[in-house]
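Taking it in order: structure first as structure tokens, then the write-up.
Remember, it's a predicted structure, so these values are computed and weren't measured experimentally. Naming: A, B, ... by sequence-line order, numbering from 1 per chain. The figures here come from the full heavy-atom set of this structure, side chains too, leaving out hydrogens, waters and symmetry mates.
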Amino acid sequence: MPISHVLRQLQVCIKHQTPSTAEKLHSIIIKLGLNQCGPLPNTLVDVYGKCGLFHHARQLFEEMPHRDHISWASILTAFNKASLPNLTLSFFPAMFTVDQLQPDHFVFATLIKACAALGSTMLGKQVHARFVLSPFSDDDVVKSSLVYMYAKCGLPDNARAVFNSIKLKNTVSWTAMLSGYARSGRKNEAMEMFKSAPVRNLFVWTALISGLVQSGNGIDAFYMFISMRREGVDIVDPLVLSSIVGACANLAVLELGKQIHGFLIVLGYESCLFISNALVDMYAKCSDIIAAKDIFGRMKTKDVVSWTSIIVGAAQHGQAEEALMLYDDMVTAGVKPNEVTFIGLIYACSHVGLVCKGRKLFKTMTADYGIRPSLQHYTCLLDLLGRSGHLDEAENLIKEMPYKPDEPTWAALLSACKHHGNTQMAIRFADHLVSLKIEDPSTYILLSNAYAKAAMWEQVSEVRKLMVEMEVKKEPGYSCIDIGKESQLFYAGETSHPLKNEMLGLLKELDEEMRRRGYVPNTSYVLHDMEQQEKEKQLFWHSERLAVAYGLLKSVPGTVIRIVKNLRVCGDCHTVLKLVSSIVKREIIVRDANRYHHFKDGKCSCNDFW
DNA sequence: CTAGGGTTAG
């Protein structure tokens, strides 16, 4: 068998992703005594890497008597392909320390790709500097990968500078730049790049649409997706569809999500791993956790993302025990959890007060899986300790941890103090909070209540002043409800809705029944200076109540009422919705800015912590 | 024989 034939066969393995054929060919090569001939050693490393047999690639590489630039480019590409960008960067120095070789343009491209995967601007800039000083500094392909790296790191202006220096701009460099603008939320520049793109293929469309989804412009993404369909672009691979499913998840639009799901089935992509994962997440985020579990259960292969999606979904819907059981199944199935999985798990423990289990998971993460806890992990653990009343332990942990606490961290602790009536500690945390730039309106409420409780009126008025300044920038609160294919949006305050009188009547009726059951409006959630009665009226017109009233009037009796809210549900509305669920005997699911609330029989899945 | 663009979980 001539060498050229073997080489051709090996390329087929890459194309068809058939690692077993690659192994067979490898054994034939050894039998023929060709394993050190011409390009074959390098090709084998390359083929094993690209077929996903990264350990084989590495072993061959280590055993090579003569390694050249191609061997190095091949093994580093294999590391990248195996999602091991850290290994790419830590392994690379051996290129000159062991083999006395300097990186060429191929190697530079792999290093930059690894930096992009890590999202590390610092490392990326170091590699960039070495590239500029190298003999290959004119190479346009490496420049394209630099554009991609800066774009991915959220530095579109740096990306643009490199882009401008590319002599022959092709679709690849164009797409990288376009994607950079889109994912940084620079819509106008992204559209500009899109309109003037040299060709308008599926890659270009995908870069634009997925960038828009990532920057939170899901609605624009949808309009572009519709344009893409109108232009008759052939959807020959499903990547753009996973972005569109992601947009449905972010926007929490269940009906649209179902339509896209149907479309995926028609195109035959439903069982593709990426797509199934996106669907599981979409249904969970659209508050249909049952559909999410159904898709998850029918998946033939499940990876970390699949397991993590369903664990996080269950945890966010208040099904903590289930989330922990799923984790056991995951370990049994031999899938290694990652840092995101542990966020979901500790969050789950937090919701049912499993303090020991949560602490244990936090330790397991580092001890068994080598994951360095992030600030988010610490915030979850602090939340768990705080909620369960271990406030002193939480305060100690905050001093020990290697991060500076941010707004969510302090807010979680402050909320815990409120629940456990520890005013003194609350003031200590509140004092830390006021020195930060607060983004979340509900944090102001927490702060103001903490100071009010300690009768620190000067601080209370200070917080109110800060809040008035922020009010200008704050988007107004709204709640959205879907009835059939129609969607209704309600803002807080009196409405001019055609069904206004019916809604008002129903809310009044419910209010009377609630008061009979002992409901007293909690006006500490209203931060304006006004009379008690006026404050109660404010609460009465909160958007989620309008949406519920509308839902009760218009939906099919007995069905679940689903509401999506852009801000967090206020404490008073939370009480009201619990009562309403038991009065009208309906399940009400509210997705607010932070979590999911399943109101049923007078109780909420969030266990009254939020 | 080796490099560059689009994808999912917080």
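Outside the 6.0 Å centre-distance limit, the rings of A/W205 and A/F225 are not counted as a close aromatic pair. A ring-centre distance under 6.0 Å is found for A/W174 and A/F163.
Among the protein residues, A/T175 comes within range of the nucleic acid bases, having at least one heavy atom under 4.0 Å from a base atom. Residue-level contact check: A/D140 touches neither bases nor backbone, having no heavy atom under 4.0 Å from any strand. Across all strands shown, A/Q316 has no heavy atoms under 4.0 Å from either base or sugar-phosphate atoms. Here A/A109 lies in heavy-atom contact (under 4.0 Å) with sugar-phosphate atoms only. Within 4.0 Å of A/N80, counting heavy atoms only, lies no atom of the nucleic acid at all. In this structure, A/D139 reaches the bases: a heavy-atom distance under 4.0 Å links it to at least one base atom across the strands shown. Using a 4.0 Å heavy-atom distance criterion, A/T308 is classed as a base contact. Contacts of A/S242 with the nucleic acid, taken as non-hydrogen atoms under 4.0 Å apart, involve only primed sugar atoms and P, OP1 or OP2. Within 4.0 Å (heavy atoms only), A/K302 reaches no atom of the nucleic acid at all.
Looking at A/K169 and A/D140, no side-chain N of the basic residue comes within less than 4.0 Å of a carboxylate O on the acidic one, giving no salt bridge. A salt bridge is absent between A/D46 and A/K81; no separation between the charged side-chain nitrogens and carboxylate oxygens falls under 4.0 Å. By the 4.0 Å N-to-carboxylate-O rule, A/R200 lies close enough to A/E231 to be salt-bridged with it. The pair A/K258-A/D288 does not meet the salt-bridge criterion, since no charged nitrogen lies less than 4.0 angstrom from a carboxylate oxygen. At a threshold of 4.0 Å, the pair A/D592-A/R568 does not count as salt-bridged, since none of the basic side-chain nitrogens sits closer than that to a carboxylate oxygen.
Residues satisfying the salt bridge (Lys or Arg N to Asp or Glu O under 4.0 Å) criterion with A/K143, sequence neighbours excluded, are absent altogether.
Near DNA chain B, meaning a heavy atom under 4.0 Å away, the residues from residues 334-344 of chain A are A/N338, A/V340, A/I343.
Residue A/Y48 forms a side-chain hydrogen bond (donor to acceptor under 3.5 Å, both in side chains) with just one option from A/H55, A/R58, A/H56, A/H26, and that option is A/H26.
Scanning DNA chain B 5' to 3' for nucleotides with an atom closer than 4.0 angstrom to a non-hydrogen atom of chain A gives a first and last hit of B/dC1 to B/dG10.
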